[in-house]
Amino acid sequence: MLKARTQEVPDISKDRCPECGSDSLIEDYELGEVVCSNCGLVVKVNALDNGPEWRAFSAEERDSRSRVGVPLSFSIHDKGLSTVIEQVNKDALGRELPLHTRIEMLRLRKWQIRSRIHSSMERNLSQAMAEIDRLSDKVHVPASIKEEAALVYRKALERGLVRGRSITAIAAASLYAACRLTETPRTLKEIAGVCLAKEKDVARCYRLLVKELELKMPIADPVRCVPKIASRLQISEKIQQMAVEILHECQKRKIASGKDPMGLASAAIYIALCLESEKRTQKEIAKVAGVTEVTIRNRYNGLREALGLEV
DNA sequence: TAAGATAAGAGGGACAT
DNA sequence: ATGTCAGTCTTATCTTA
């Protein structure tokens, strides 16, 4: 009946990245992950829950009756062909039904309608959860964030925000929201890039979620983007540290607001590289950071001016 | 070839009507 | 609700060193 989807647990016994084979695995200080510094793959997550998917979303539902619903068989056994209990108070021969039977029928009818609503929500959810699963896998986020995304999606569904919008787009938006909530550096572009919905739509849905669910997002911190870019370019710890300092300085001077954190981080890294005479092109950085060279240049000039650097 | 400059266009937030 | 405005980012093209 319940076929538990088992999560793929990468083999890390050899302490090598299963994706690129690199042995440069590093522990992420805050997220409790082991990340490959070469390709950025999250190799290991200290998650409590590696069990079947349907368990992963139970926390929020602990005290809700709806969690006792049967996930799949419920929506499969009846493909819209089920008997409908009509509101006719006569039996098959046209005789009046006794009162207690009528009340009984009313009750059954009520529950039939309820179960139908329930099952359509379940159908929607199981599709969405599968999508969130898939996306999480593609962008390498830990199970804890996947759960967070599932939670956001559930809220959205309960608030009727999914109606009229694509499940994929809302699922992707939920995942992005979960990343933002947990300050996990994943760009909207990355997430939209692995789903079928257009980036624009995902962005729209994301804003909708933030607004309607009153999510309180921590402000995106460019500092968190530094290791991400740096690891893709194999940039030394020292340069990263310099870039972080540059960013702290620019945050102090309030020139960071409203700017794309990836752009800021890229520019800071570029400046740090220049200061150390380690030549990397703007193009290279732009490519791995997912921004354009022009943006890097603009931030670069802004930072240079604000910090009074002559590079 | 890398970097800088410039222009046009998209999309969204703030604010007024 | 709709329109306008300033600001950001992107794409594209040309110039400079």
For A/K259, give me all partners under side-chain contact (heavy atoms from CB on, under 4.5 Å), at least two apart in sequence or on another chain.
A/L264, A/R299
Check side-chain contact (heavy atoms from CB on, under 4.5 Å) between A/L233 and all other residues, then give those that pass, not counting sequence neighbours.
A/I229, A/I235, A/R280, A/E284, A/I285, A/V288
Tell me which of A/N298 and A/K279 sits closer to the 5' end of DNA chain B, going by the nucleotide each one is nearest to.
A/K279
Tell me which pairs pass ring pair (Phe, Tyr, Trp, His ring centres under 6.0 Å) where either residue lies in residues 246-268 of chain A, with sequence neighbours left out.
none
Given a cutoff of under 4.5 Å between side-chain heavy atoms of I, L, V, M, F, W and Y, with clusters grown through shared members, what are the other residues clustered with A/L99?
A/I103
Residue set satisfying side-chain hydrogen bond (donor to acceptor under 3.5 Å, both in side chains) with A/E212, at least two apart, ordered chain then number -> none
Below 4.0 angstrom from OP1 or OP2 of B/dA3, is there any side-chain N or O of A/Y270?
yes
Could you work out which one of B/dA3, C/dT11, B/dA5 sits closest to the side chain of A/N301?
B/dA5
Partner residues of A/R180 under the side-chain contact (heavy atoms from CB on, under 4.5 Å) criterion, sequence neighbours left out
A/Y176, A/Y206, A/M217, A/A220
Taking it one step at a time, do A/I170 and A/V202 satisfy side-chain contact (heavy atoms from CB on, under 4.5 Å)?
CA-CA 7 Å; A/I170 301 277; A/V202 178; over 6 Å; no
Considering just the side-chain nitrogens and oxygens of A/K200, establish if one lies under 4.0 Å of OP1 or OP2 belonging to B/dA10.
no
Which one, C/dT8, C/dT10, B/dA3, comes nearest to the side chain of A/K259?
C/dT8
Produce the list of close N/O pairs, under 3.5 Å, pairing protein atoms with atoms of nucleotides 13-16 of chain C; give distances to one decimal.
none

Could you identify which residues of residues 204-222 of chain A place a heavy atom less than 4.0 Å from some atom of DNA chain B, listed by residue number, or say none?
A/R204, A/R207
With sequence neighbours left out, the residues meeting side-chain contact (heavy atoms from CB on, under 4.5 Å) with A/D201 are A/K198, A/R204
Atom CD of A/E199 to atom P of B/dA10: distance rounded to whole Å?
16 Å
Output the single nucleotide from B/dG12, C/dT11, B/dA2 whose closest atom is nearest the side chain of A/T292.
C/dT11
Candidate nucleotides C/dC9, B/dA5, B/dG4, ranked by approach to the side chain of A/T295 - the nearest
C/dC9
